[in-house]
Amino acid sequence: MKIRRCAVLYIESREQLSIDWRAVLAGGSGLAADSHWVALAPHLDQELTIDGGELAALGAISQTVWNERAACEQRHGEDCVARLLALGLLIGDTPQYATTRERDETLRATHWRPLSALAHTFGRWREVTSENGMEAPSFQALLDQFGEPPPPTFDLPAQGALKLPAAPGGHLDEQLLHRYTGRNFDVQAGVPLEVAARLLHRTFGAQEVRTIGPHSSVLKKTSPSGGGLHPVEAFVLAQRVDGVAPGLYHYHPIEHELRPLRALDSVAAAALAKQVLADQHWLADAPLQVLMVGRMERSFWKYRNHQKAYRALALDAGHLSQTFYLLATEAGMPAFVTAAINDVDIERMLNLDHLRHAVVAVCGCGPAANGPRTMVELRYGETDAI
Ligand SMILES: Cc1cc2nc3c(=O)[nH]c(=O)nc-3n(C[C@H](O)[C@H](O)[C@H](O)COP(=O)(O)O)c2cc1C
């Protein structure tokens, strides 16, 4: 049997602090730190504690060349190799280890930059709720806890500054100046079908399909995209869209159609929205929501093992969400975008693989409970009119 190390592995030294009361009573600080090694491997999607011997073995066994298991055992010990194989940090070439081998090979084949794969894998949320983590502190609470924030901008020396003329009005002002994040959606109101169609098409739809090879094409959308690849897909969670049964859909950007994935009754759709949004009930009532998911394989086709590719994906989703906001504003509705979402729950719902896909953000919109208005938001769930 042959073995090798998994493709991507980072080791973190963690410490657990405790108080040694005997030492405190003896007049010392009593603070004791207990350090241990934690192995972080994206193909396993869980943190694993290892010991010093296992750390040394992982450092010595190639991630590329397949080694004879017996030779590794001789050097590092049978128990050590067996444990690392069982954990999935070492990969075996026999059927017994097919599952972790397949995950490791998926990671290798996707061309992740290792640090990006790490940040992505271990930055995902699962089953976060208002009880176990999702917080919405007010500015006042933050001021009380942390004191004054840094100033709102750099304030570099003004000597020689060129005072600019007042910004003239323009066509986009109506949308730009009335755009705001809604947190008070009307639970009775829906989005008319033609409004939803315009929102989806003008944000996520292909305005043009350009052929770049015999079987290859790129899409032109209203937002820019890193590398022109538009790796962000739109999955629609419809709660109240006229003519659309509540449920989950994939929006096909070329065919401009909603392809059904899961039908839901309105109670289940509302519950799913809350789950997706980590219990942010102030957003969950939005009748039309879009789950933005990056296809890494599309992005990494060009940006192989690239330091910036993961950042570009987040920027793409940001551009799409601003376009979505402006179109919602045009239709007289507030919108929202959030990255405080349960990525892993969404992956399960949509049957996605975190090694190949990245759930980035969710946006949504709908009529406001008290009609359209211009607001400045001070606290999630609270608004002050300006
Ligand atoms: C990347 C990003 C993440 C955000 N996450 C949340 C969120 O988790 N919950 C929320 O209620 N609003 C969220 N927002 C909305 C911001 O809080 C909002 O844009 C900000 O308060 C300014 O208000 P405005 O959009 O009305 O100008 C997010 C916005 C962005 C761009």
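Both counts, for ligands and for their atoms, begin at 1 and track the order of listing.
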Salt bridge check: are Arg198 and Glu194 linked by an N-O gap of less than 4.0 Å?
no
For Glu233, the option from His357, Arg295, Arg298 that meets side chain to side chain donor-acceptor pair (under 3.5 Å)
Arg295
Sorted by chain and number, sequence neighbours left out, side chain to side chain contact (heavy atoms under 4.5 Å, CB included) with Thr106 holds for Glu102, Arg103, Thr110, Asp353, Leu355, Arg356
Of the options Glu257, Arg259, His256, which is the one that meets Tyr251 in a side chain to side chain contact (heavy atoms under 4.5 Å, CB included)?
His256
Which of the numbered atoms in ligand 1 are below 4.0 angstrom from a heavy atom of Ala340?
8 (O)
For Arg179, the ligand 1 atoms whose distance to one of its heavy atoms is below 4.0 Å:
24 (P), 25 (O), 27 (O)
With a cut-off of 4.0 Å, which atoms of ligand 1 are near a heavy atom of Gln280?
7 (C), 8 (O), 9 (N), 10 (C), 11 (O)
Side chain to side chain contact (heavy atoms under 4.5 Å, CB included) between Phe185 and Phe336: does it pass, once the steps are laid out?
CA-CA 10 Å; Phe185 294 101; Phe336 75 81; 3.9 Å; yes
Quick note on ligand 1: atoms under 4.0 Å from a heavy atom of Tyr180 include exactly 26 (O)
With a 4.0 Å heavy-atom cut-off (strictly under), which part of Trp282 contacts ligand 1: side chain, backbone, both or neither?
side chain
Option with minimal heavy-atom separation from atom 14 (N) of ligand 1, where the choices are Val337, Thr181, Thr338
Val337
